[in-house]
Amino acid sequence: MSDDPNRVWPSGLTLPEALELHKHVIDGSRIFFLIAVFAHILAYTYSPWLH
Amino acid sequence: MNQGRIWLVVNPTVGLPLFLGTVLVIALLVHYAVLSHTTWFSGYWQGHAKPAAAVTAPATP
């Protein structure tokens, strides 16, 4: 771990590790977005918002 | 998906909680803003009684 040339500082991850982590962050963000879109559709339908 | 290298610079043990915590704070602020600037949001929690007109039974002779 100490002087692995693939590890990048300051975070100490390797590029594949960073890309794998980011894939999960993006997937999570997409799920959050879908839930938010659904919530806004419900709010628009059942509340006076924008009516 | 082209921002993945951010985790080479930002340590995930700091970046992830910061990212998720920020989303949480923004969500709370937006809900509070809507709650304090509309009547229908708190009215929904208040639970208005159904308008009487909608539930009156037909008058029996």
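A note on names: the letters A, B, ... follow the listed sequences, proteins ahead of strands, and every chain is numbered from 1. Reckoned from all heavy atoms, side chains included, excluding hydrogens, waters and symmetry mates.
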(Q) Report which part of T14(A) has an atom under 4.5 Å of a heavy atom belonging to chain B: side chain, backbone, both, or neither. (A)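 T14(A) touches chain B through backbone heavy atoms alone.
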Q) What part of I26(A) lies closer than 4.5 angstrom to a heavy atom of chain B: side chain, backbone, both or neither? A)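 Side chain only.
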If I compare all heavy atoms of [X] with all of [Y], which pair ends up nearest, and what's the gap?
{"X": "S11(A)", "Y": "V10(B)", "answer": "CB-O, 3.8 Å"}
{"X": "A18(A)", "Y": "G4(B)", "answer": "CB-O, 3.5 Å"}
{"X": "V9(B)", "Y": "P10(A)", "answer": "O-CG, 3.3 Å"}

(Q) Suppose a student defines contact as a heavy atom less than 4.5 Å from any heavy atom of chain A. Which residues in residues 16-31 of chain B would they list? (A)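 Listed by number, the contacting residues are L16(B), F19(B), V23(B).
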Q. What's the spacing between L8(B) CG and L19(A) CG if we round to 0.5 Å?
A.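 The CG atom of L19(A) is 7.5 Å from CG of L8(B), to the nearest 0.5 Å.
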Q) Considering only heavy atoms from C-beta outward, does the side chain of H22(A) approach that of W7(B) to under 4.5 Å? A)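 Sidechains of W7(B) and H22(A): in contact.
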Q.
Give the interface residues of residues 34-51 of chain A toward chain B, defined by a heavy-atom separation under 4.5 Å.
A.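 So far as heavy atoms go, S47(A), P48(A), W49(A) are the residues that approach chain B to under 4.5 Å.
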